[in-house]
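Worksheet: one structure, shown below.
Start at 1 and go down the list; that is how both ligands and their atoms are numbered.
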Amino acid sequence: MKKILIANRGEIAIRVMRSCKEMGIKTVAVFSEADRNAPHVRYADEAVCVGPAASNQSYLLGDKIIQFALEMGVDGIHPGYGFLSENAEFAQHVTDAGITFIGPKPHAIRMMGSKLAAKEAAKANNIPLVPGTEEAIEDRDVAKKIAEEIGFPILIKASAGGGGKGMRIVETLKEFDEQMERAVSEAKSSFGDGSVFIEKYVTSPRHIEIQVLADTHGNVIHLFERECSIQRRHQKVVEEAPSVVLTPELRKEMGDCAVQVAKLCDYVGAGTVEFLLENNRDFYFLEMNTRLQVEHPVTEQISGVDLVKQQILIARGEKLKIKQEDLKIQGHSIELRVYAEDAVNGFLPSIGTLQTYQTPKGNGVRVDDGFEEGMEIPIYYDPMIAKLITYGSNRTEAIGRMLRAIDEYEIVGCETTLPFGRYVLEHEAFISGNFDTNFVNKHFNGEDLLIEDPLEAEIAAKLAVYLMEKHKQKGNMNEVIVEETNSKWNSRKWS
Ligand code: MV4
């Protein structure tokens with residue numbers, strides 16, 4: 001493979017090109033009219049404009065991209081994540097054009113794209129699943145009976161969904177019909193497929209995913225887990241590897257399961273198998289993502305493996321040189337996604353021009369970004385500015401480096417998730433590792449970020465709790481405040 005076209009933009013396009021460059025492979029960037037001056041365009045050896053700003057007129061035009069690839073003598077296409085990365089038809093068209101698709105075969109993409117097909121195959125191989133229906137719901141009354149058997153709350157999921165899209169929680173039988181109707185119509189309009197199924201809603205799990213690599217010779221390995229429980233509206237914000245709760249035994253068990261899932265769809269390339277993990281160590285297979293993921297760098301940091309390089313070697317038909325026994329977790333890595341969003345106001349997009357943009361540097365800090373000072377954040381695409389990744393010999397060191405890097409990061413021109421990241425990494429629940437998928441809802445209020453000084457925040461929180469307790473005892477809040485504030489403030493007995 002001598003020339004690779006990257007059918008993507010931003011940080012991931014640059015990330016892929018970096019590995020290409022290291023391997024002596026030429027790169028071709030594609031870009032929309034909005035990205036004419038973007039860093040990924042300049043980083044590439046050659047670049048071609050595919051169309052107007054809107055994704056469906058540029059980055060999603062698979063056949064047009066393939067046409068350009070043919071004209072430019074490209075022999076491999078890397079899709080990155082998002083856009084065309086999990087489009088089986090695109091993968092097929094690339095192959096039909098005589099170009100290597102750097103990713104799995106169309107049938108694996110298709111099978112894992114259907115959550116029902118994936119679960120059916122997993123079940124046939126004794127992979128643990130969340131209790132639920134095995135087929136698309138045809139009959140509302142049958143479904144209701146099953147829901148009652150499983151026990152509420154239940155989740156309705158779209159078979160063509162994934163990543164939390166088209167998911168609905170049903171708390172009681174009373175809501176069932178209404179939620180089912182909504183789920184089906186949403187699934188139809190969003191995915192063109194109204195098939196839905198039911199699962200028991202696991203209320204406080206951790207979201208753990210396992211990275212796998214599979215070559216074309218039947219060798220499959222896993223590169224341990226990523227802990228991805230810290231999400232808001234099914235968008236991950238903080239990820240880390242390894243997870244603080246996996247024992248070596250559980251890691252092996254989940255890793256073996258992930259390898260089995262990859263084998264049962266004849267997987268090729270880099271993929272991720274998602275699980276829910278309960279407090280009692282029960283785990284369930286959820287779905288498989290048939291692409292390189294946003295958070296792949298934390299796995300690279302702790303395993304020492306360049307995942308993009310491996311994808312390319314595998315696509316060339318080479319045998320995996322890495323053996324499962326050779327892999328060892330080294331240290332700890334954390335990723336914070338830096339979004340152009342205002343966490344104080346419900347994570348609303350906060351676009352603008354990056355008047356100041358200075359990235360942190362130094363020991364154990366990696367920034368994967370696609371922006372530079374003076375650039376405007378385009379409204380057309382995902383508002384992620386950068387991924388801030390830190391590495392340490394242990395978790396404490398990785399956390400310390402992340403907090404230091406957040407302080408060094410200078411962004412003026414839009415709100416970002418950097419202050420939110422600091423809030424998470426300073427939170428007792430995060431530091432102790434005692435958290436689950438409810439972390440953001442349970443522990444975060446936008447207003448928490450308005451208190452700058454952590455000591456001040458701690459004092460305010462403790463005072464509030466103390467005063468509430470007194471209030472309950474005395475019944476008169478004013479009296480409590482005057483009395484207690486006067487007598488206790490200086491002695492800090494409540495701290
Ligand atoms: C679930 C679940 C609980 N029970 N399924 C979200 C992403 C997608 N891959 C699957 N997801 C979940 N599926 C059952 N049966 C919990 C999640 C989930 C989640 C749910 C609410 C709030 C945050 C979450 C973060 C990760 C996963």
Is the gap between the ring centers of F435 and F430 under 6.0 Å? yes
Out of V202, D436, N438, indicate the one that has the non-hydrogen atom closest to atom 4 (N) of ligand 1. V202
Do other residues, nucleotides or ligands put more than 12 heavy atoms under 6.0 Å from R140 CZ? yes
Students often mix this up, so state it plainly: with edges at 30° and 60°, are the rings of H40 and Y59 parallel, tilted or perpendicular? tilted
Just checking, R291 and Y267: is the charged tip under 6.0 Å from the six-membered ring centre and within 45° of the axis? no
Which ligand 1 atoms are under 4.0 Å away from a heavy-atom of Y201? 3 (C), 4 (N), 21 (C)
Counting heavy atoms only, which of H234, H207, E287, Q231 comes nearest to atom 19 (C) of ligand 1? H234
Report, as yes or no, whether the 6.0 Å neighbourhood of atom CZ on F152 holds more than 12 heavy atoms from other residues, nucleotides or ligands. yes
Would you tell me which option among E199, K157, R233 has the nearest heavy-atom contact to atom 1 (C) of ligand 1? K157
Using ring centroids (six-membered ring only for Trp), state whether F439 and H427 fall under 6.0 Å. yes
Look at atom 9 (N) of ligand 1 and say which protein heavy atom is nearest, naming residue and atom and giving the distance to 0.1 Å. E274 OE1, 2.7 Å
Honestly, for L276 the part within reach of ligand 1 (heavy atoms, under 4.0 Å) is side chain
Do other residues, nucleotides or ligands put more than 12 heavy atoms under 6.0 Å from N279 CG? no
What part of T203, side chain, backbone, both or neither, has a heavy atom within less than 4.0 angstrom of ligand 1? neither
What distance do R337 atom CZ and I389 atom CD1 have between them, rounded to the nearest 0.5 Å? 10.5 Å
Which of these, K115, K200, M167, has its nearest heavy atom closest to atom 15 (N) of ligand 1? K200
Atom indices of ligand 1 within 4.0 angstrom of L155 heavy atoms, with elements: 1 (C), 2 (C), 3 (C), 4 (N), 5 (N), 14 (C), 15 (N)
Need the ligand 1 atom indices (1-based, order shown) with element for anything under 4.0 Å from a heavy-atom of G164. 7 (C), 8 (C)
Give the residue, atom name and distance (to 0.1 Å) of the protein heavy atom nearest atom 10 (C) of ligand 1. L286 CD1, 3.5 Å
Enumerated ligand 1 atoms positioned under 4.0 Å from heavy atoms of V130: 15 (N)
Tell me whether the guanidinium CZ or amine NZ of R232 lies under 6.0 angstrom from the six-membered ring centre of Y339 and within 45° of its axis. yes
Would you mind checking which non-hydrogen protein atom is closest to atom 24 (C) of ligand 1, with the distance to 0.1 Å? T437 CB, 3.6 Å
